[in-house]
Amino acid sequence: MSRWLILVALIVSSFSIPFIRQVQPNVAPNAVPAGFTQTVVVPASSLDAPTAFTWLPSGEMLITQQNGQLLGWNGTSTRTVLSLGSRVCYDFERGLLGIAVDPQFTSGRPYVYVYYTFNKFNQTPNSCPQQSETVNPVNRVSRFTWSNNVLDLSSESVLLDNITSYNGNHNAGDLGFGKDGKLYVSVGDGGCDYLDSGCGGANDASRERHTLLGKILRINADGTIPSDNPFLGTGTARCNAGAAASGTICQETWAWGFRNPYRMTFDPNAPGVRLFVNDVGQNVREEIDEVVAGKDYGWNCREGTRVNNTSGPCSPTPANMIDPIYEYSHGNAGAPFTNCNSITGGAFVPANTFPSNYSGYMFGDYVCGKIFMISAQAPYSSVITFSDNPGSVTHMAFGPNGAQQALYYATYANGGEIRRISYNGAAGLNSAFTANPSFGAAPLAVTFSATTPSSGATYFWNFGNGTTRQTSTASTSYTYPTNGTYTATLYLRGSNGDISSVSQSVVRVGASAPVASITQPSPSALFAVGQSIQVRGQASDAEQGQLPASALSWKVILHHDTHTHPFLTQPTTNSFSFTAPAPEDLLAASNSYLELELTATDNSGLSHVVTQTLQPRKVNVTLASTPNANANFVVNNDPIEADAAFVSWQGYVLQVTAPVYTDNNRWWRFVRWSDNNTSNPRSFTTPASATTYTAVYEEFMPEQVYLPVVRK
């Protein structure tokens, strides 16, 4: 299945996991239990597809983006800490996926560790090969040195390499240090195993002990093997540079038998290492596993506790497979998991952070867009919905929130945000607010409005220029007299004395948004399948003049009927080209098209988005038959009646079969096409204008029938 076809609810028919970039709806954070506040911490304007995050000892948040950018967030703005550039493949579910900071960062080991898809064969980063044995990218774990307040790209030390990414999905890619000081790594099964077993539920890479696929790995901070790993000595080998000989066991393996152990998390309340892994299921179950050294967690023989495969390495059924501590069924399992199909981030609630009735294990589901909680200890039978509208969660962790801790999560909603859920007392005060307008010429009159008013609360406003105001209402207005950039803030005090967190909004007085335009192709241009399409754009700004190419970013979106598929992203350029795709299938040819989206962002952070529809050249194709006009044809596996025109795209290859058929008890079989070509089936490349292809038939006796028959 090609990149641009995918998406789903996340994820096609065999459930995969997030990093297929889809167009996400605008989702406002809300619906958490009373006493909790949910706010956007890092807005979408500062992010693009955040995959994971962590914190430096200084308190700065580090955020990985799928495109290979590692950002630092200081509470008000982002900066680039590391850019992997062309080293990373970030198509499908690949990219910069995981991050960990050395526990001795301030004591002689100033290192940051990342898991990313390495562009080993120098392919186009956002269009790397899938399903190729020879030129696929690979996943790797690397360590970079912190220097001059950034990560030094040239300091890369590769600790694990050549982890195959055959199909582009099931990369997993989480990293974390346990209380034992060891680095743990989650690796998926690669989606397919082209060396033997195949794809999906048949993929047995997790059971092949001589590879790192489908495993939880454990290494020292320098990449060496801990002396207490479970698989050492005779019959084992290092797999840090690639697969070992068949029949051996990788020494990096801590546990095995996982499909896509997308996120893992350590219990901060346990005295030692207690590790939970969220393993994404295939078609039936999602599971949470408590990982024990050396144990087998069942994939691809089992999906959760359900038997998945009874052949190959699963016959006879392997002994001593470990059951998940918790599992739930896909889709129609009923409340609270209705429409839930893909488990994502997880986090244990640290002691004394939330009330005792919310002190369990949190986990998200990417498809239904919810956060759930189960008990952190057995039995794990009860579950509650903790947040019912976070969007498509990719990562969760507890982190600093002033003197307290709060639950943070990354979501693809609204284009990508980092949000925080904190406990603020029984009043459940929400300090989120809007500023309207947020930019314009001085004097600028701005109305500030709290998004979720709280009865009986007092509102404390600060307009960012030394002016403050206290109100008993959820809105107020202020006129900024002079140009400048101002950070307005709000916090609430409830009637019982509880204080909310502080929210902020930036107001830019004297600033105007840029004006972007798409200059090529023409709005009336039509494309053919396989055509190279040249795209150009520009933007100007009242303050900056003509904006540089680095201020422009692009998306190409494939529209199919009422839904969309992401096709291509192209950052920081004013021109690029791409190859026009074919329709998803023959039926999609009549209602599919492309959309170009250009975003221009000036140096004050203001943006302008313009879009342009790009239509295919649609061509009416008719299949005719003679001398009898009642034939049925098969085109690209779809039935088509003779003389019934259907829509194709110029350049789209049509595989046409003219089967034997009966009409009024008379039998007809194909002889040739009207141009005397006798191929059946035959491939036609759709021309630029309407056309008819005619099949010549002859009548024959039934006893001569040897081909599939279409009866009229």
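Along the sequence shown, residues carry numbers from 1. Note that the structure is predicted; figures quoted are calculated from it, not measured.
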Reported [atom1]-to-[atom2] distance for the pair [X] and [Y], which is rounded to 0.5 angstrom:
| X | Y | atom1 | atom2 | answer |
| --- | --- | --- | --- | --- |
| Thr51 | Gln66 | OG1 | CD | 7.0 Å |
| Ser142 | Leu84 | OG | CG | 8.5 Å |
| Thr622 | Glu641 | OG1 | CD | 12.5 Å |
| Arg536 | Ser577 | CZ | OG | 9.0 Å |
| Leu623 | Tyr693 | CG | OH | 9.0 Å |
| Ser625 | Phe633 | OG | CZ | 5.0 Å |

query = Checking salt bridge (Lys or Arg N to Asp or Glu O under 4.0 Å) for the pair Arg87/Glu156: CA distance, chi angles, key distance, verdict?
reply = CA-CA 11 Å; Arg87 294 190 192 189; Glu156 182 177 16; 2.5 Å; yes

Does [X] have its ring centroid less than 6.0 Å away from the ring centroid of [Y]?
| X | Y | answer |
| --- | --- | --- |
| Tyr366 | Tyr262 | no |
| Phe684 | Trp673 | yes |
| Tyr90 | Tyr116 | no |

Looking only at side-chain N and O atoms, does [Y] offer a donor or acceptor that is under 3.5 Å from a partner on [X]?
| X | Y | result |
| --- | --- | --- |
| Asp91 | Asn126 | no |
| Asn436 | Thr434 | no |
| Tyr409 | Gln38 | yes |
| Thr686 | Ser648 | yes |
| Ser165 | Arg94 | yes |
| Ser540 | Gln546 | no |
| Thr626 | Thr694 | no |

ask   = Going through the checks in order, is the side chain to side chain contact (heavy atoms under 4.5 Å, CB included) test met by Leu62 and Phe53?
value = CA-CA 5 Å; Leu62 299 181; Phe53 54 88; over 6 Å; no

query = Are side-chain heavy atoms of Val609 and Leu598 found at a separation under 4.5 Å?
reply =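 Contact flag for Val609/Leu598 side chains = no.
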
ask   = Looking at side-chain heavy atoms only, is the closest gap between Leu70 and Thr80 below 4.5 Å?
value =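 No. Closest side-chain heavy atoms not under 4.5 Å.
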
task = Might you work through the salt bridge (Lys or Arg N to Asp or Glu O under 4.0 Å) test for Asp675 and Arg682, ending with a clear yes or no?
result = CA-CA 12 Å; Asp675 61 359; Arg682 182 181 180 185; 2.8 Å; yes

Nearest heavy atoms of [X] and [Y], plus distance in Å:
| X | Y | result |
| --- | --- | --- |
| Phe448 | Ala435 | CE2-CB, 3.7 Å |
| Val88 | Asn67 | CG1-O, 3.6 Å |
| Asp602 | Pro514 | OD2-CD, 3.6 Å |

task = State whether the side chain of Tyr166 and the backbone N or O of Cys199 hold a donor-acceptor pair below 3.5 Å, judged by distance alone.
result =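 Side chain of Tyr166 to backbone of Cys199, a donor-acceptor pair under 3.5 Å: no, none is there.
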
ask   = Is the backbone N or O of Ser590 less than 3.5 Å from a side-chain atom of Lys618, with the two atoms forming a donor-acceptor pair by type?
value =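 Yes; at least one donor-acceptor contact below 3.5 Å.
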
message = Among residues at least two apart in sequence or on other chains, which ones pass salt bridge (Lys or Arg N to Asp or Glu O under 4.0 Å) with Glu543?
response =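 Applying salt bridge (Lys or Arg N to Asp or Glu O under 4.0 Å) to Glu543 gives none.
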
request  = Please report the C-alpha distance between Leu606 and Arg508 in whole Å, then the side-chain angles of each, then the deciding distance to 0.1 Å, and finally whether the side chain to side chain contact (heavy atoms under 4.5 Å, CB included) criterion is met.
outcome  = CA-CA 9 Å; Leu606 298 177; Arg508 297 177 174 88; 4.0 Å; yes

key: Worked verdict on Thr485 versus Val507 for side chain to side chain contact (heavy atoms under 4.5 Å, CB included)   = CA-CA 6 Å; Thr485 299; Val507 178; over 6 Å; no

task = Scan for ring-ring contact (aromatic ring centres under 6.0 Å, His included) pairs involving residues 512-543, sequence neighbours excluded, and state none if there are none.
result = Phe527-Trp649

task = Tell me, with the steps shown, if Thr344 and Thr394 meet side chain to side chain contact (heavy atoms under 4.5 Å, CB included).
result = CA-CA 6 Å; Thr344 53; Thr394 60; 6.0 Å; no

ask   = Taking the six-membered ring of Phe118, is the NZ or CZ of Arg140 close enough (under 6.0 Å from the centre) and on axis enough (within 45°)?
value = yes

